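Just so you know, these numbers come straight off a predicted model, no measurement behind them. Chain letters run A, B, ... following the sequence lines, proteins first and then strands; every chain starts at 1.
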Amino acid sequence: MNGLRRMFAALKRHGALWPLTALGLIWLVILIANPGFFAFTVQDGRLFSGFIDILNRCAPVALIAIGMSLVIATGGIDLSVGAVMAIAGAVAANLIVGSDLPVILIVGIGLCAGLAAGLMNGTLIVGLGIQPIVATLILLVAGRGVAQLLNDGQIITFQNEAFAFIGVGILLGLPMPIWLVLFILAAMLFLTRGTALGMFIEAVGANASASRHAGIPVRSIKLAVYGIAGICAALAGLVATADIQGADANNVGLWIELDAILAVVIGGTSLMGGRYSLVLAVIGALIIQSLNTAIVLSGIPPKFNLVIKSVVIIGVLLLQSSVAQAQLASLRERLST
Amino acid sequence: MIAARHAPILITTALFVALFVLGSVQYEGFGTVHVFLNLFTDNAYLAVTAIGMTFVILSGGIDLSVGSVIAFTGVLTAILIQSGWPPYVVFPLVLAIGWAFGAGMGCLIHCYKLQPFIVTLAGMFLMRGLAIVISERSVPIEHAAYDAINTMGIILPGRGFVGAQTLLLAIVLACAIILAHYRRFGTYVYAIGGDAESARLMAVPVANTTIRIYALSSFLAALAGIMFSFYTSSGYALAAVGLELDAIAAVVIGGTLLTGGSGYIVGTVVGVMLMGLVQTYISFNGSLNSWWTKIVIGVLVLAFVCVQRIQRPREDN
Amino acid sequence: MTATEPLLSLRGVRKEFPGVVALDDVDFDVRPSEVHALLGENGAGKSTLIKVLTGADPRDRGEMWLDSESLSPRSVGEAQAAGISTVYQEVNLLPNLSVAQNLLLGREPRRFGLTDWKRMNAEARETLKRFRLDIDVSRPLSQFSVAIQQLVAIARGVDQKAKILVLDEPTASLDAGEVEILFDILRSLRADGLGIIFVTHFLDQVYELSDRITVLRNGQKIGTFNTAALPRAKLIQHMLGYELQGTTAGHAPQTTLAGTKDAALEVDGACVHGSIQNISLTALSGEAIGLAGLLGSGRTEVCRALFGLDTLSAGKICRNGIEVGITSPRGAIANSIALCPEDRKTNGIIGDLSVRENIAIALQARRGWWRPIPLREQRTLAGTAIANFRIATPDMEKPVRLLSGGNQQKVILARWLAIEPDVLLLDEPTRGIDIGAHTEILRLIQQLCDRGMALIVTSSELEELVAFSHRVVVLRDFRQIAVLEGNAITEDGILQAIAS
C-alpha cells in the first residue's frame, strides 16, 4: 500500500499521472467494447494483437513527436514536419527508382534531406530572428510543392523489398516501425539525457536570456533542435513511404504536425517551453492513436474523430493554463467552505 | 518620396503588373479584361477570408481555423437549403454561428492567455470535424436563388463579367477599410499589434478588441463559406483544406507585418490577386506543373518575411 | 483650507509579488497645486506604486481616495476616467501609429461615426504647439527621435484634463531646452490646481520643480519632506539608507596598487556607444572594487560591458596584463569572468529548473554539452553550496522560482563559484533580499576576496561599499568622476563625491 502510494507520488512528480490515467481509461473503453482486442497471438513468427496494431499505427506521429518535443521545449514550434515527410519520401522514392544506390545510402540521403530542411528552419529562426510559427509555415507551404516537383507531380511507386522493410518488415515478431520508434526514443534519450543537451534545451526554453548569461550557446542549441526535428520527420516520411511503397507528396503526413503537437502537449510539455519528456510525448502519441481506435471500436462513427480530438485539445490546454488552474483552485476553496 | 510603410504594397503591385505584362506578351488571350476580372471572381472567397485574416495578423495573432469554417458553413448551408430552409434565414444563421465561434476562440485566447495558433488549431479541428459530422459527402445545392445570383452581374466589353462574387468582395473591402482606418476598433487592432502592453497602459480595451478581432475573422470566413457555396453550388466537408495558409500567405505578400501592427487591407487583396495571377500564368504556360504555384508562393512569403526582418532592427532575446 | 486637504491619498497600500514585498503598507498624499517628487533607487517600489495607483496592477491591501472619493481602478481606462493620467517610464506609446493617433487614442474626433482625420491632425498639432513641437503629426511615431516621442507621451498625459498627472522618468531622453519647456508647462498646470507626481533620478530637477519629496526604499516609505527644507546630501542619505544603519567608521581593507603583480582585471578607457564613457579601473586578485553612483549613473552598464553583453567601442580590457577581446558572455566566461546580474528574474535564475541544475549549469556550459557532469557530482556540488551558503530550500530538486529572492541570489552566486572565476562581477547583489541573507552575502564577499578572487561590486548602499571595497569608483552620467582609496573610503566621502 505504501509502495503504491510512493509510486503514485513519483508518477505525479514526473507529470506522468494524468497521461497514464487517460491512456488507461481509453484502453478500458476499448476492452469493454472488444474484450479480445489486446489478446496476443503468434502467426508466422509474428506477434498479432490490437495493442501491436495501435503501436504500429502511432509510429509516424511518435517519431515526429520526439523531435517536436525538443523544439517545443526551447519555446519554438515546427509546423513543417508533414512537408518534410513528403520531401524525404520523394527523395527516397526517386533514388530507388532512378539509381542503383544501396538502400542504406538512400535512407541516409533521405534523412539528410530532413536535416537540411530542419536546418533551414533553424537558420531562419536563429539567423534572421523570424518567429518559429512563421519560419516553419513557409516550408509547410512550399515543402509539398518541392516534393511534388521531385516527383514530377506523380505518385512514385516502387518495388524494393529492402526499403519496404522499414515500413512493413517484421523483426523479432514486431513490426519494424515499432523498433524504429524505440530506437529513436533510446537514441534521443541518450543524446539529450545522457549528455547535458537536455538540460541546456530546457534552460533555453525556460529562460533564454538567463541561459545566455550562464554561458549556454543558445543559438546553436536552437539550431540543433530544428535539425533533430527535421531528421525525425524525415524518418517518419521514409516509414510512411515504405509502408505504401510509394511517395505520395500530396497526402503523406497531411495534418501530422497537429497530431504531433497534440501528442507533445498531452505529454505535459508546455508550449511556452521548458521541461519536456520524450517518453511522455510518445505516450501522448499512443493516447491519440488509442483514442482513434477506441472511437472506432465503441461504435461511434469515425466521423466524430476530429470533433472528439479538438475537444480533447481544448480540455488539455485549459487544464494546463495557469488562469484555469487558479479558477479551479478558488472554486474548490469556495466549495469547501 | 515613398513612405517605407507603403513600399511592400507597391512592390506587390509592381510584381502583379510585371507578371500580367509578361503573360500578355507570352500568351495569346492572357492580357484581357476577361482574365483580369476572372481573378476577382475566382478568388473572391479567398480575398474575403484574407481580409479577416489581415485584422487578426495586424493584432499580432493568427487564425488557422478559417479554412474549416468555410467548409463547415458550406456544408451547413447546403444541408439547410436542401431541407427547405429559405436562404434569407440560412445565411444570417450561419454568419451568426461564425461570429459566435470566433468570439469563443477570442475568449479562450484572451481570458486563458493561450497562444492564438494552438487555440485556432483546435478550432480548425472542431469545425472540420463538425462539417464531417453533418455530411461526409458533397451536398449539391439546387435552389432558384443560387442560379439567379450566379448569373447576375454586369457584362463589360471584352468578355468581361463582374459577378455577384466580385461585387460582394468590393463591399466587404470597402467596409473593412472603413473599419480599419475610420473606426476606433481599427486603431485598437493596430495598437494591440504594435505593443499589447503599451496598448493596455494607454487604456485600449484589449479584451473586448481581441474577442471582436477573432469574431470578425470567423464571420468573414463564414461569409466566404457562403460565397464558396455559390462558386461550387455545393457544400463539401473537405473543401478549402489548407486555405488558411493561402490566406496567411496573401496577407504577408500584401505587405502586412506578421508580427502585427503594420499593413493595409488593400495590400491583402493585391496579394490575393498576385497569387491568383501566378496560378493563371502557370495554367497558361501548360508545361509548368501546378505545384509550382506553391513553391512560388512559398518563395514570395519567404522573401517578404526576410525583407520585413531586415527593415526592422532585430529585437534581442 | 484646501492646501491641507489632499487631492489624492493612499493609506496602507500593500503589493506583494512572489518572493518580494514591493510595497509595504505605504501612505502617500498629493495636494492640489503641488509637484510631488517620488524618489528611490531601483526596486524601491516607485513603479509599483504608480501601477497600483493607475489601475495597471491591482493592490493587495489598503485604501485610496481621490477628491474624497474611494478609488479602486481595475484598469488604466478606469483610472483615466476617474481623473488620473499617467506617462509611464520609457516611452510607452505605439510606434506603429501616427503621432496624432497616439495623442488621441480612444478620444478620436468623429464625424458621422467615422474618424475625422483632418480634425484629429489639427487637434494634435494644436496640442503639440504648447510643447513648441512643429512636426508632421500624420507620420508614424517611430520615425521621430526618442526625445520627440517622449514629449508626445507627456503631451498625451497632459492633454487628458486630469486631476492627477503622473510622470514616471519623463525627462530621461530630453535635452536641457526641452526640459525647460516641459517644466514651464508643468508649472502652469500646477497653477491650475493639478496634483503632479514626478518620478525622476535627476536630483537637480527635483529641486528645481518639486514642492515636496517622498522617498521610498525597499518597498517602504522613508518619509515625506518639504523640498525647501531638505538638503541634497540629506536626501541622498535617505535614498541610500545611510542613516538607518547608523554611522560606522570606514574600515576599508588596505592594499596598494604598487608592485609588479599584473592586475587580475584592468579596464582602460572603456567606452560603449551610447552608454559608458572612458571608464578605467584596476582590480588585483583578492581585491573588491566598489562601483558607486545613483540610479542611471552607469553602474550596470559597466558590468554589462565587462561581461561581453555590450561591445566596447573604444578602450581595452586586460586580464593578467594581456588584452582580451570579449564579445559575448561565453567569451567572458572563457576568460574566467562571471556576472551576477542586477535583474535576477530575467537574466539570472532559470525559474523552471531545479536548484541543483541552476547551480551546475554554468560549469556544465563551460565543459560543453557532450561532457555531462554526473548526477552524483551535481548533487555534491549543490549539496555543498546549499550547506555553505545556507540556501533555504526543502530539497535541491525544487524549481528555483519557488525560492525567496535572497536564496535565489545565493543560488546564482553558487553557480558562479562552481566555475571558480578569477573575476566576479556582482551587480547589486543585495537588492531586494531580506536582512539575514544580506549579511551572509556581505560575508561571502569578504571570503571570496580572501580566496584571491577579484570582485567588482555595484551597490546603492553606502555602508556596504565602505565595508568591503578596496577602492570605490564613483560614477555619474556614465562617466567616472572619482576614485576613492584607503582612508578616503567613508560613507561621507562617497556621498560627497556623488552629490558634488
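For A:L271, the parts lying near chain B are the backbone and the side chain together; criterion is any non-hydrogen pair under 4.5 Å. Proximity to chain B (any heavy atom under 4.5 Å) is restricted, for A:L137, to the side chain, taken from C-beta onward. Contact of A:I77 with chain B is made through the side chain alone, with heavy-atom distances under 4.5 Å. When heavy atoms are compared at a cutoff of 4.5 Å, A:I308 does not approach chain B at all. Contact annotation for B:I132: both backbone and side-chain heavy atoms come within less than 4.5 Å of a heavy atom of chain A.
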I'd like to know whether A:L318 forms a side-chain contact (heavy atoms from CB on, under 4.5 Å) with B:L108, so could you lay out the CA-CA distance, the side-chain angles of the two residues, the decisive distance to 0.1 Å, and finally the verdict. CA-CA 9 Å; A:L318 283 179; B:L108 284 178; 3.9 Å; yes
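Taking each heavy atom of A:A142 and B:G298 in turn, the nearest pair found is CB-CA, 3.8 Å. The heavy-atom pair separating B:V133 from A:K303 by the smallest distance is O-NZ, 3.3 Å. A pairwise comparison of heavy atoms in B:L126 and A:S310 identifies CD1-OG, 3.2 Å as the closest pair. Of all the heavy atoms in A:I314 and B:A122, the pair that sits closest is CG1-CB, 3.7 Å.
Residues A:V307 and B:L130 meet the side-chain proximity criterion, which asks for heavy atoms closer than 4.5 Å. At a threshold of 4.5 Å between non-hydrogen side-chain atoms, the residues A:I313 and B:V119 do not count as touching. Taking the side chain as every heavy atom from C-beta outward, A:Q131 and B:F117 never approach each other to under 4.5 Å. Taking the side chain as every heavy atom from C-beta outward, A:L124 and B:V305 never approach each other to under 4.5 Å. Proximity of B:M124 to A:L258: side-chain heavy atoms (C-beta onward) are separated by under 4.5 Å at one or more points. Between B:C306 and A:L128 there is a side-chain heavy-atom pair separated by less than 4.5 Å.
A distance of 9.5 Å separates CZ of B:F125 from CG of A:N305, quoted to the nearest 0.5 Å. One finds the CG atom of A:L317 at 9.0 Å from the CD atom of B:Q115 (value rounded to the nearest 0.5 Å). Here CE of A:M272 is found 11.0 Å from NZ of B:K113. Values are rounded to the nearest 0.5 Å.
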Would you give me the side-chain donor-acceptor pairs under 3.5 Å for residues 78-93 of chain A, sequence neighbours excluded?
unit_1 : atom_1 : unit_2 : atom_2 : d
A:D78  : OD1    : A:S80  : N      : 2.9
A:D78  : OD1    : A:S80  : OG     : 2.7
A:S80  : OG     : A:N121 : ND2    : 3.0

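No other option in B:L114, B:I297, B:I118 has as many heavy-atom pairs under 4.5 Å with chain A as B:I118. Contacts with chain A were tallied for B:V252, B:L302, B:I248, B:V241; B:L302 has the most, counting heavy-atom pairs under 4.5 Å. The candidate from A:V312, A:V265, A:D152 with the greatest count of non-hydrogen atom pairs under 4.5 Å with chain B is A:D152.
Residues satisfying the salt bridge (charged side-chain N to carboxylate O under 4.0 Å, His left out) test with B:D246, not counting sequence neighbours, are none.
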